[in-house]
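Both backbone and side-chain heavy atoms feed into the values below; hydrogens, waters and symmetry mates do not.
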Amino acid sequence: MALALSGGLSEGVLLLVAAALAHYSAARMGIFALSRADGADPGRRAIGQWIPIAATAIGALLMNEPKMALSVILGTSVASLALVPGLIAVVSSSNVLPASRRAWPFLLPAALLPMMAGFSAHLAWGHAIAMLLFGAMVLMVWLQDPGDETTSAPAIERSRSRYLVVVAMLLAVGGAYLAVKGTIFASNEIRVYSPPLVASIVLNPLLLMPTIGTASTLAQNGHSGRALSAMAATVLLNLCLLLPMVILLHVGLHSADKLKMIHTGNELLAQLAAAAMPYPMAAWRIDTVLLVLFGFAAIPVAMGRWVIGWLESGLLIFGYVAYLAFSVLAITKGYLPT
């Protein structure tokens, strides 16, 4: 809303619109190429949803916007556990839980890792290694035979699938460049809105638009549990793969030009520590806290002890809107620095 009402933002808005179109096409193409229509393979569906998110976060880092990259990773994770599940519950026609729900409780420890790292005010290579190791554990559990997952939907031809995935990745890379540029231009015009904040209130919801459509369709067809599994897997990809990748890439980029001056192991460790990724207080105190809360809530839902009904769906949607409003207020008023 603020972007539309402010003057002189035509270039930033156009770039964001173009980025949204590219990301929408990339996500829908990736989902179509990798998954089945009935959602019986939520892990593969999650990868299709995740491609534009990963491209945007890595693109922001490479374009010297590490805080924006972190905002994309954590912000889309919050949306994946609040906004999308809330909308899924509104249109859901079934409460049947899939076997893949066994991975939902891993959301809690996955969220606790970046929260614990926030006490040091930065994200270092050691944190990234811990996240990757935990991600490997989650992957081993996820790849176990689900047993009760059945499907009647045919998979597309493998050669065609590979072609579509490549096209989706190219679209995501182009969309990432446009998204980062558009966010920076918009932020330059609205002085009180930093690139991470613009990404949080504008870019992250745009990245989840194709996911909202496909997940709602699954829920309407009686596969809401599979849609929720795909959202949980997307968050796990964000926290256990994308976040450590971005941290290690940041450390590598900021250490590459100094490696020639390093002669001992202690000097190498000191340099790696000095190149740690900054961890904004707003992201730590808002996004990671919400992710931990959603991680706790996922445990009784996975156990079938808590069904997401109309009341819960309304609270999730309202909670996401409140999260955006509180982020804007806390950052623009200076309560939480970015």
Side-chain angles (χ1 to χ4, degrees), residues 22-59 69 72-77 79-81 84-85 88 98-104 106-107 110 131-132 134-146 149 151 153-176 179 204 206-218 223 225-246:
H23 283 151
Y24 186 88
S25 302
R28 292 301 294 261
M29 194 173 297
I31 293 170
F32 176 74
L34 294 172
S35 64
R36 299 176 185 269
D38 61 359
D41 42 9
R44 294 171 65 88
R45 176 174 290 269
I47 295 174
Q49 298 170 169
W50 178 70
I51 290 174
I53 299 173
T56 303
I58 294 174
V72 169
I73 296 171
L74 298 179
T76 55
S77 297
S80 297
L81 295 180
V84 182
I88 290 174
S100 54
R101 72 183 184 277
R102 64 181 178 274
W104 298 1
F106 285 111
L107 290 170
M131 294 172 189
L132 287 173
F134 179 76
M137 295 171 55
V138 175
L139 180 62
M140 288 188 291
V141 174
W142 189 277
L143 292 180
Q144 291 178 3
D145 183 12
E149 295 284 4
T151 179
I156 66 174
E157 185 181 346
R158 179 172 297 182
S159 60
R160 182 184 174 191
S161 171
R162 291 174 179 173
Y163 169 77
L164 290 176
V165 170
V166 171
V167 175
M169 293 176 67
L170 292 175
L171 284 171
V173 170
N204 293 341
L206 291 178
L207 285 169
L208 269 295
M209 280 181 58
T211 302
I212 292 173
T214 56
S216 299
T217 301
L218 276 182
H223 303 301
R226 292 173 176 177
L228 290 174
S229 280
M231 300 316 304
T234 301
V235 176
L236 290 171
L237 284 170
N238 271 353
L239 300 180
C240 301
L241 180 58
L242 181 57
L243 181 55
M245 283 174 55
V246 167

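For S229 and W104, the side-chain atoms include at least one donor-acceptor pair closer than 3.5 Å.
Of the inter-residue distances, the one linking L206 atom CG with T56 atom OG1 reads 10.0 Å to the nearest 0.5 angstrom. Separation of atoms CD1 (I212) and CE (M231) is listed at 8.0 Å; rounding is to 0.5 Å. Between atom CZ of residue F106 and atom CG of residue L236 there is a gap of 8.5 Å, rounded to the nearest 0.5 Å. In this structure, CG in L242 is found 8.5 Å from CD1 in I53, a value given to the nearest 0.5 Å.
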Check against side chain to side chain donor-acceptor pair (under 3.5 Å), S77 and N238: CA-CA 7 Å; S77 297; N238 271 353; 3.0 Å; yes
From CA spacing to verdict: side chain to side chain contact (heavy atoms under 4.5 Å, CB included), L237, Q49: CA-CA 10 Å; L237 284 170; Q49 298 170 169; over 6 Å; no
Side chain to side chain contact (heavy atoms under 4.5 Å, CB included) between L132 and C240, intermediate numbers included: CA-CA 6 Å; L132 287 173; C240 301; over 6 Å; no
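Without hydrogens or angle criteria, S35 side chain to F32 main chain gives no donor-acceptor distance under 3.5 Å. Under the 3.5 Å distance criterion, the side-chain polar atoms of R45 are left unmatched by any main-chain donor or acceptor of A227. With hydrogens and angles disregarded, no donor-acceptor distance shorter than 3.5 Å links the side chain of D41 to the backbone of G43. The backbone N or O of L218 lies less than 3.5 Å from no partner atom in the side chain of R226, so there is not a single donor-acceptor pair.
Between H23 and A179, the shortest heavy-atom contact is CE1-CB, 3.9 Å. Taking each heavy atom of L171 and A22 in turn, the nearest pair found is O-CB, 3.8 Å. For the residue pair R44 and L34, the shortest heavy atom distance occurs at NE-O, 2.5 Å.
With sequence neighbours excluded, no residue forms a side-chain hydrogen bond (donor to acceptor under 3.5 Å, both in side chains) with T211.
Contact of the L241 side chain with the W50 side chain is registered, since non-hydrogen atoms from C-beta on lie closer than 4.5 Å. Contact check for M29 versus V165: no side-chain heavy atoms found under the 4.5 Å cut-off. Using a 4.5 Å heavy-atom cutoff, the side chains of I31 and P210 are not in contact.
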